Amino acid sequence: MTKQANVAGQERKSLPSTLYTEEYFLTACEGYDVFLESEGAHLSRRLRDAFALADVRAGMRVLDVGCGRGEILRHCMRLGIEAHGMDYAAAATGMSREVVAAEIQKAIEDGASPPSTPGVCQADAKTLPFPSDYFDRALMFDVVEHLYPWELQRAFVEIARVLKPGGRLVIHTAPNRWYDAYAYPWVRRVRTLLGDGEHYPKDPRAITPVNQAVHVNEQDLLSMRRALRQAGYSRIRVWLDSPPQNRTESPVLAGLRRVAFDVPPFRWFFEREVFAVAEPIKK
């Protein structure tokens, strides 16, 4: 096989949508515990923090790319915002429609006017079924890592098409690739010395085993910025953050943790999550 043919074969590769089952969204996809407890009425810490970055205001149109279980759509309904959700997986669109229906039913039971109903469709982020210059905000939460690089570029270009001039794309993706590649092996060594090694497998993705099959494009500070720039975005901001640790540990370990998470360049490798905000360049 020639090098050109091999590259072309790689470009056509996509994960099958059937990997994303209802079981995946209820047992492995981050925030499932909050979703189950609140029946989709509340956002997990990750979704809440990412949504706050979008600075969504009344009168805006919002596109949730990879709407998953539908919590963001329900949140937008409560804020009176016109929202549309799309997902590659049939299981996700079914769950999102159920969450939307639950919010409408709740409004009826409370004697309130039913909120505007978000549109939910099964679609591919590389070919969005929406007109150009239509949305004020596009949200892409925990989707990037599931798209091969060629798919991500096409999705970014397509999202840029449907965003209005001055519109904003907001991204959350995890894990930070540099954490898995460089920091995690040291974390694993330390935890093994402390007798907690069974919770730290050699492959960090094995902590949530399904991720070994569905994480195909994890990002770091530089790769995220580069991908957005290549897709025609400007005013790009990329930064790192981590979930709250809430650990009780010795002063020595607490001091090492502060250095790892607060001091560059260490924090570039120890922070777990990648956030980005960017605007499309409109000609």
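Note that this is a predicted model, so its numbers are computed, not measured.
The two atoms that bring Thr173 and Asp142 nearest to each other are CA-OD1, 4.0 Å, heavy atoms only. Across Ala213 and Leu19, no two heavy atoms sit closer than the pair O-CD1, 4.4 Å. Scanning all heavy atoms of the two residues, the minimum distance from Trp268 to Trp178 falls at O-CE3, 3.6 Å. For Pro280 against Tyr233, the heavy-atom pair with the smallest separation is N-CD2, 3.5 Å. Across all their heavy atoms, Gly68 and Ser96 have their closest contact at O-OG, 2.8 Å. Annotation for Met60 and Arg137: closest pair CE-NH2, 3.4 Å, computed over non-hydrogen atoms.
The hydrophobic cluster around Val157 extends to none of the other residues, as no ILVMFWY side-chain heavy atom falls under 4.5 Å of it. In the hydrophobic clustering (ILVMFWY side chains linked at under 4.5 Å, chained through shared members), Tyr88 stands by itself. Within the hydrophobic cluster formed by Ile, Leu, Val, Met, Phe, Trp and Tyr side chains joined at under 4.5 Å, directly or through other members, Val34 stands alone, with no partner residue. Applying the 4.5 Å side-chain rule to ILVMFWY residues, one finds that Leu193 remains a lone member of its cluster.
A salt bridge (charged side-chain N to carboxylate O under 4.0 Å, His left out) check over residues 102-123, counting only residues at least two apart or in different chains, returns the pairs Arg74-Glu103, Arg78-Glu103, Lys106-Asp110. For residues 162-183, the pairs satisfying salt bridge (charged side-chain N to carboxylate O under 4.0 Å, His left out) are Asp136-Lys164, Arg177-Asp220, with sequence neighbours left out. Here salt bridge (charged side-chain N to carboxylate O under 4.0 Å, His left out) pairs that include residues 117-131, with residues two or more places apart or in two chains, are Asp124-Lys126, Lys126-Glu151.
Glu37 CD: 12 or fewer foreign heavy atoms inside a 6.0 Å radius. By the 6.0 Å contact criterion, CZ on Phe266 is open, its count of non-hydrogen atoms from other residues, nucleotides or ligands being 12 or less. With a 6.0 Å radius and a threshold of 12 heavy atoms from other residues, nucleotides or ligands, Trp239 has its CH2 atom above the threshold.
Between the side chain of Thr208 and the main chain of Asn211, no donor-acceptor pair closer than 3.5 Å is present. Judged by distance alone, with hydrogens and angles left aside, the side-chain atoms of Ser38 form no donor-acceptor pair with the main-chain N or O of Leu43 at under 3.5 Å. Lys282 places a side-chain N or O within donor-acceptor distance of the main-chain N or O of Ala160, the cut-off being under 3.5 Å.
Using modelled atom types, one finds no donor on one side chain facing an acceptor on the other under 3.5 Å when comparing Glu23 with Thr27. A donor-acceptor contact under 3.5 angstrom links the side chains of Glu271 and Ser242, judged on distance only. For the residue pair Gln219 / Asn176, no side-chain donor-acceptor distance below 3.5 Å is found, with atom types taken as modelled.
To the nearest 0.5 Å, atoms CE (Met140) and CG (Leu169) are separated by 7.0 Å. With rounding to the nearest 0.5 angstrom, the CG atom of Leu221 is 4.0 Å from the CG atom of Leu240. In this structure, CD1 on Ile72 lies 11.0 Å from CZ on Arg48, to the nearest 0.5 angstrom. The CZ atom of Arg225 sits 10.0 Å away from the CZ atom of Arg237 when rounded to the nearest 0.5 Å. Distance check, rounded to the nearest 0.5 Å: CZ of Phe269 to OH of Tyr179 gives 14.0 Å. Of the inter-residue distances, the one linking Cys67 atom SG with Asp87 atom CG reads 5.0 Å to the nearest 0.5 angstrom.
For Arg235, the salt bridge (Lys or Arg N to Asp or Glu O under 4.0 Å) partners at least two apart in sequence or on another chain are Glu279. Annotation: salt bridge (Lys or Arg N to Asp or Glu O under 4.0 Å) contacts of Arg188 (sequence neighbours excluded): none. Residues passing the salt bridge (Lys or Arg N to Asp or Glu O under 4.0 Å) test with Asp262, sequence neighbours excluded: none. Scored by the salt bridge (Lys or Arg N to Asp or Glu O under 4.0 Å) test, Asp241 finds no partners at all (sequence neighbours excluded). Shown here are the ring-ring contact (aromatic ring centres under 6.0 Å, His included) partners of Phe51, two or more places apart in sequence or in another chain: His75.
Ring centroid separation for the pair His84 and Phe135 comes in under the 6.0 Å cut-off. Proximity of the aromatic rings of Phe275 and His172 is defined here by a centroid distance below 6.0 angstrom, and this criterion is met.
Looking at heavy atoms from C-beta onward, Asp133 lies out of side-chain contact with Leu163 at the 4.5 angstrom threshold. Proximity of Val65 to Met86: side-chain heavy atoms (C-beta onward) are separated by under 4.5 Å at one or more points. Contact annotation: the side chain of Glu82 never approaches that of Met77 to less than 4.5 Å [non-hydrogen atoms, C-beta and beyond]. In this structure, Leu152 and Val144 have side chains that are in contact, with non-hydrogen atoms separated by less than 4.5 Å. Two residues are said to be in side-chain contact when any heavy atoms from C-beta on lie closer than 4.5 Å; Glu218 and Pro175 meet this criterion. Using a 4.5 Å cut-off on side-chain heavy atoms (C-beta onward), Gln230 and Leu228 make no contact.
Note: the hydrophobic cluster containing Leu63 does not contain Leu73 (ILVMFWY, side chain heavy atoms under 4.5 Å, direct or indirect links).
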Please report the C-alpha distance between Arg161 and Ser132 in whole Å, then the side-chain angles of each, then the deciding distance to 0.1 Å, and finally whether the side-chain hydrogen bond (donor to acceptor under 3.5 Å, both in side chains) criterion is met. CA-CA 5 Å; Arg161 178 185 66 80; Ser132 299; 3.2 Å; yes
Could you go step by step and tell me if Thr93 and Gln122 meet the side-chain hydrogen bond (donor to acceptor under 3.5 Å, both in side chains) rule? CA-CA 6 Å; Thr93 55; Gln122 185 177 2; 4.7 Å; no
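For the pair Arg46 and Phe141, the NZ or CZ position fails the cation-pi test of under 6.0 Å to the six-membered ring centre and within 45 degrees of the ring normal.
A tilted orientation is assigned to the rings of Phe25 and Tyr20, their planes being inclined by 30° to 60°.
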